[in-house]
> 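Before I ask anything, let me first share the structure, which is written out below as structure tokens.
Per chain, numbering begins at 1; letters A, B, ... match sequence-line order.
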Number of protein chains: 2
Amino acid sequence: MPVLPVLPRDGKEPAPVQAYQAIRDAIVRVELEPGQRLSENDLASQMGVSRTPVREALARLRDEQLVRVVPQLGTFVSRISVAAVGDAQFIREALECAAVRLSAERAGPSDHELLEELMVAQERTRADGDLDAFYHLDDSFHHALCDLSRHPTVWTISQRAKSHLNRIRRLSLEVPTYLPEMVDEHRRVVDAVVAQDPDAAELALRYHLRQVLRELPHLREQRPDYFEQAELV
Amino acid sequence: MPVLPVLPRDGKEPAPVQAYQAIRDAIVRVELEPGQRLSENDLASQMGVSRTPVREALARLRDEQLVRVVPQLGTFVSRISVAAVGDAQFIREALECAAVRLSAERAGPSDHELLEELMVAQERTRADGDLDAFYHLDDSFHHALCDLSRHPTVWTISQRAKSHLNRIRRLSLEVPTYLPEMVDEHRRVVDAVVAQDPDAAELALRYHLRQVLRELPHLREQRPDYFEQAELV
DNA sequence: CGGGAAGCACTGGCATACAAGTATGCTAGC
DNA sequence: GCTAGCATACTTGTATGCCAGTGCTTCCCG
């Protein structure tokens with residue numbers, strides 16, 4: 001019985017986007033498990049708002065395929081679809097790799113400094129193993145990498161596309177050897193960007209992104225109930 | 001005073017997505033002009049539904065930056081932002097070019113046949129000059145090109161990202177010389193795909209996509225009221 | 001006659017009430 | 001004991017009512 005936070009009344013963000021972020025995070029953290037049933041009424045009372053903002057949040061999550069809503073029946077956390085993960089991976093790779101090429105060309109010394117700071121923060125969590133903290137640092141890193149291309153929308157769209165992938169990312173962190181390797185891979189990307197070498201940056205990033213799918217077969221046999229059984233026709 | 005269609009009661013699609021499509025189409029056709037004020041009440045009564053489905057539609061349009069909603073003030077069709085167009089162009093290029101590489105590798109004879117049929121349809125509208133018809137054919141063509149990569153989500157995401165760009169695409173069609181040139185460019189992409197040459201396909205497509213921005217400066221001086229004046233800080 | 005302030009009409013945000021449909025469990029009949 | 005059918009308690013979809021805040025208009029006073 002996972003608990004969603006009660007939305008603060010004075011939040012600067014409007015209620016629907018707060019609800020959206022809260023539910024989204026819970027799904028990605030797999031606190032709300034794939035296949036689990038969600039009730040608009042329950043969510044609304046848990047968060048201390050009415051159904052209206054919850055519905056708006058669920059509509060966005062439905063657009064991202066994170067939930068499946070069946071009229072007059074219920075709303076369900078969608079199971080992880082291998083096909084959807086593949087699509088998301090493809091899109092993420094196309095967008096981030098294109099962006100990092102520009103970033104390598106455009107980034108200046110202050111940008112390089114920012115990247116270094118993010119690397120230091122990652123190194124720090126290497127030891128203590130706070131997975132959620134690292135997950136967010138990882139996001140921040142890729143976000144920064146995208147924004148340096150001066151196309152801020154890229155990150156927004158990428159976020160929208162890779163919801164399915166995010167659960168794999170989060171679950172993969174449980175594998176002990178995975179986290180430090182990621183930091184090393186980030187390191188290589190940063191080096192290439194600092195060297196202003198677009199080709200090397202794209203190559204390093206592409207390699208890094210592909211690693212995410214490494215654990216997928218293992219996860220799939222470990223928790224088959226998290227995944228869509230067969231791709232129905 | 002443009003009129004939106006009354007939503008059919010027996011439509012298979014739920015009311016909110018019908019409303020979304022209707023408003024979206026009206027915006028890219030520039031029947032709803034940039035800067036124009038929209039009222040949830042007006043839209044609801046025009047379409048014969050209540051505010052609730054209209055609100056859901058407007059929320060999605062807001063996510064795509066096609067409308068700007070100011071609380072307690074009004075909802076406005078957003079003016080075309082040159083920066084947003086640039087972002088959309090970058091994203092579209094990254095996604096479609098990556099997809100067309102795969103498409104060139106994976107497409108078989110029946111796929112090639114489909115592309116040829118789409119080309120024939122385009123040739124047909126070359127003479128009669130039905131701009132809206134051609135616009136949709138153009139969309140179908142790029143959609144097909146994406147889907148051949150076996151990553152159907154690419155088109156969905158691309159659609160989401162390029163809303164701003166779509167108005168430019170639609171307005172550019174008014175330029176007489178533009179339409180036939182587009183058909184020729186499509187031709188070259190198809191030839192490369194049929195030849196199963198990913199590099200050539202990507203190159204031809206990238207060139208074609210870049211042409212869309214060709215008319216932007218002209219449009220901007222022709223209808224400055226359609227554009228965001230200055231990129232505010 | 002001019003200017004300022006108060007009222008008003010309208011906006012979108014949110015809560016709530018009603019409608020339509022599904023699954024489930026209980027009961028009655030065989 | 002078992003099965004068929006109905007009542008009920010859910011679900012989401014839609015409509016409506018209320019609220020806080022904004023811009024404009026109009027009226028009153030100097």
> In whole angstrom, what separates Phe76(B)'s CZ from dT11(C)'s C1'?
9 Å
> If I take atom CD in residue Glu56(B) and atom C1' in nucleotide dA15(D), what distance separates them, rounded to the nearest angstrom?
14 Å
> In whole angstroms, how far is the C1' atom of dT11(D) from the CG atom of Asp42(A)?
11 Å
> Would you say Ser50(A) places a side-chain N or O within less than 4.0 Å of OP1 or OP2 belonging to dC14(C)?
no
> If you measure from the Lys or Arg side-chain nitrogens to the Asp or Glu carboxylate oxygens, is any gap between Arg62(B) and Glu56(A) under 4.0 Å?
yes
> Looking only at the aromatic ring of each residue, does the gap between the centers of His143(B) and His136(B) stay below 6.0 angstrom?
no
> Check the distance between dA15(C)'s P and Met47(A)'s CE and give it to me in whole angstrom.
12 Å
> Between C1' on dG17(D) and CZ on Arg51(B), what's the gap in Å once rounded to a whole number?
10 Å
> Does the pair Asp111(B)/Arg106(B) count as a salt bridge with the N-to-O cut at 4.0 Å?
no
> With a cut-off of less than 4.0 Å, is there a side-chain N or O of Thr52(B) near OP1 or OP2 of dA15(D)?
no
> Write down the distance between CD (Glu40(B)) and C1' (dC14(C)), rounded to a whole number of angstrom.
12 Å
> Would you mind telling me which residue lines up with the more 5' stretch of DNA chain C, Val70(B) or Pro53(A), judged by nearest nucleotide?
Val70(B)
> Is any side-chain N of the basic residue among Asp63(B) and Arg160(B) closer than 4.0 Å to the acidic one's carboxylate O?
no
> Looking only at the side chain of Arg55(A) (C-beta and beyond, no hydrogens), which of the listed nucleotides dT11(C), dG13(C), dG13(D) gets closest?
dG13(D)
> Identify whether any heavy atom of Arg37(B) sits under 4.0 Å from a base atom; if not, whether one sits that close to sugar-phosphate; answer base, sugar-phosphate or nothing.
sugar-phosphate
> Do any side-chain nitrogens or oxygens of Asn41(B) fall under 4.0 Å of OP1 or OP2 in dT11(C)?
yes
> Quickly work out the Leu58(B) CG to dG13(C) C1' distance and round it to whole Å.
13 Å
> Within 45 degrees of the ring normal and closer than 6.0 Å to the centroid, is that where the cationic atom of Arg60(A) sits relative to Tyr20(A)?
yes
> Just the rounded figure in Å: distance from P of dA23(C) to CD of Gln72(A).
11 Å
